[in-house]
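Working notes, structure below.
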Protein chains: 2
Amino acid sequence: MRGYPFDPVARKAGIATFARMTIRPASRHPHGQPSIASVAARAGVSIATVSRVVNGVANKASAETTARVRQAILELGYRPISAGRDLRQRSSRIVALLTANLANPAMAAIAAAAEAALRADGLVMVLCDTHDRPDLQDEYLLAMRAQRARAIVLLGAVASPGLARMQAEGETLVFVSRRSPHGTATPFVGIDNRRAGTEVARHLVGRGCADLAVVHGALSSSATAERLAGFRAEARRLGCALPPRAILSAAATEHLEIGYQAMSVLLRRGRAPTGIFCTSDLIAFGAHRRLLEEGLAVPRDLTLVGFDDSPLNDWVAPWLDSVRVPYDSFGPAIARAIAGSPDADAETTLPHRLIVRTQPPPERRDD
Amino acid sequence: MRGYPFDPVARKAGIATFARMTIRPASRHPHGQPSIASVAARAGVSIATVSRVVNGVANKASAETTARVRQAILELGYRPISAGRDLRQRSSRIVALLTANLANPAMAAIAAAAEAALRADGLVMVLCDTHDRPDLQDEYLLAMRAQRARAIVLLGAVASPGLARMQAEGETLVFVSRRSPHGTATPFVGIDNRRAGTEVARHLVGRGCADLAVVHGALSSSATAERLAGFRAEARRLGCALPPRAILSAAATEHLEIGYQAMSVLLRRGRAPTGIFCTSDLIAFGAHRRLLEEGLAVPRDLTLVGFDDSPLNDWVAPWLDSVRVPYDSFGPAIARAIAGSPDADAETTLPHRLIVRTQPPPERRDD
DNA sequence: CTGAAAGCGCTTACAG
DNA sequence: CTGAAAGCGCTTACAG
């Protein structure tokens, strides 16, 4: 599964390119880059042999031939042009990552981790931001199929006709964070959202928050729905059942706005809850800002729990408790799901962790 | 300059794909996707004709022929496979964006804007995070050349042998935010950093901050150097010249760490400055956290100015003043630089704006 | 207005 | 161990 860029030979060639190319100006090659033909000519072998050496096909070239070819590759600074191979092999080294929202630092972190892991497998990642829009998602799905993408990773899929279609057609799809909105589909990489929701409930109740609320994003996201379900069930079990009116969202597409607006509603109803679970950090940010405007302080006046635990939280949101998803682990897990042997686990559950930054307020305010 | 995906015909074909493909199972086509040959066969024309229709070559097909071809495209859900055209045309629709740090929300915002603008031109963006590392940057440059990337956008370039080489060879490079570290190179898209630095100095001095400091990132970045130069010059002009010891950085790669560590140094020296200019928001975040640990509050005890004005600042850093760069405008500007006619401006200077969120403290604390 | 054919740069059976 | 040749899916002069 190791691709060209990490084949030892090719790698050496690539690294040496810049150092050596000064010797022979690019003008030597009819069309800029040196092609496999120029390497073959220089090494005095056939292009088939060069191809085998480049791809590390074992026991197919004598030591001397291999050495000569490598030498030529080094001297010319040869790197195979992808389109040639792609055409021949009917598949490219491109992997598409469709993310629902790049503005979320946690998504950006996962995207970066995925990129690094895929690169280590010799793959190239194309990043697309669907903004959670079905039409954009379909546009990208189509475009990536035309690119012969080896796999399409959906970091937060949304229901769309194109997705349903491709899923049915057996396109290589990897669902991350959210499950497929179109019936069971694997591979899937994510965390145990239900359990995380449970833990958040335990945290808030354990801290003495009797008056709970949840502010959530679209329930079409399996992640959101599972977080909420876990939270509700555990809160009920602990004797703090949530009335329906304590579970709210807002008709906004941006999580920041959802948090802000939902918090406005909560405040309008009177005294703020003592513990609020926001199903994403961005929602928590929005809610927090509204609280500030109201003169309320976190965690002095209430406990706020977010989700994802954005890498920046440590720096800018010390007032926020949050469930940390292991961004970096997503990279290798995604790469494995793509490269994976057919018998590999279809479902990867990564470990999450509730990060508690705040101390419980010494006592409840008495206004 | 409008590419295939936005050709009206092809677009329609693409959109209709999912609706129609149910009629004819994929198995009809020997290798999954329908090829130009299957369209030609179905329409009863040559593949040359199909190609012309798909690419909208004017006056090269009768109305009836065009209609028949479009019909076939619709029915089969045909989308040209990129590798074929790439190979033939010796260039692809891929544009690489090499960013220095995706964890910076401002960079992520620019990347997202670039992606949208490029997509509107029928291009596909590959995103790579160089982490400001020369070796990684070179690795990516090489990989993207092998992909026949139509252009490589460097959002925060760092000096590297490979970059110097490609610049010399006339590769299509677009420098964004930071200028080329290897001599003048265009196109360049950025803001007037020197002037922004000037404005920050005026802001701080105007607010009565007599005791100024700067915490900056690597000066090899032209953006950082220019910001600093503008700030120094204006501070001096206003009679608040900075002593060398008030200009500091830290030996860390992460801006968050730089801010934290540099602030530690400042605090160790005694009373904190009354106005601090951090050359990035992340540096400001790091500095702020250190201040919090010290029991200092912003803006009560001092004014902090960052740079970039991260989209999240409104929500999580109401204590921070910052220079906002117009993220969204970067997208079209980058797209123009790539598609641009040769006589297009080689340099695009986008407008920035100092965002003042904080009120000056009513009076200086008297400890 | 339309088509036959060359060729882009690779990989990979197939012979030898 | 090595090479000649076919073919991946396109575009584009060139003829007609």
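Below, chain A is the first sequence line, B the second, and so on; all start at residue 1. All values below come from the heavy atoms of this structure, side chains included, with hydrogens, waters and symmetry mates left out.
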Of all residues at least two apart in sequence or in a different chain, which pass the side chain to side chain contact (heavy atoms under 4.5 Å, CB included) check with [X]?
X       : result
I36(A)  : I47(A), V50(A), S51(A), Y78(A)
A157(A) : Q137(A), L154(A), L163(A), F175(A), P181(A)
L87(A)  : A83(B), L87(B)
A164(B) : H182(B)

To the nearest Å, how far apart are [X] [atom1] and [N] [atom2]?
X       : N       : atom1 : atom2 : result
I36(B)  : dC10(D) : CD1   : P     : 5 Å
I47(A)  : dG9(C)  : CD1   : C1'   : 8 Å
L87(A)  : dT11(C) : CG    : P     : 12 Å
Q147(A) : dC10(D) : CD    : P     : 12 Å
Q89(A)  : dC10(C) : CD    : C1'   : 8 Å

Would you say [X] places a side-chain N or O within less than 4.0 Å of OP1 or OP2 belonging to [N]?
X      : N       : value
S62(B) : dT2(C)  : yes
R85(B) : dT11(D) : yes
T49(A) : dT2(D)  : no

**Complete:** Intra- and inter-strand pairing of DNA chain C, written as dot-bracket with Watson-Crick and G-U pairs under 3.5 Å and | for the latter, reads |||.||||||||.|||
Please list each protein N or O that sits under 3.5 Å from an N or O in nucleotides 14-16 of chain D, with the distance.
none

**Asked** With sequence neighbours left out, what residues match R133(A) under salt bridge (charged side-chain N to carboxylate O under 4.0 Å, His left out)?
**Response**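 R133(A): salt bridge (charged side-chain N to carboxylate O under 4.0 Å, His left out) contacts with D135(A).
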**Prompt:** For R178(B), which residues count as a salt bridge (charged side-chain N to carboxylate O under 4.0 Å, His left out) partner, sequence neighbours excluded?
**Reply:**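 R178(B) satisfies salt bridge (charged side-chain N to carboxylate O under 4.0 Å, His left out) with D132(B) once adjacent residues are dropped.
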**Asked** Among all residues two or more places apart in sequence or in another chain, which pass the side-chain hydrogen bond (donor to acceptor under 3.5 Å, both in side chains) test with T49(B)?
**Response**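 T49(B): side-chain hydrogen bond (donor to acceptor under 3.5 Å, both in side chains) contacts with S46(B).
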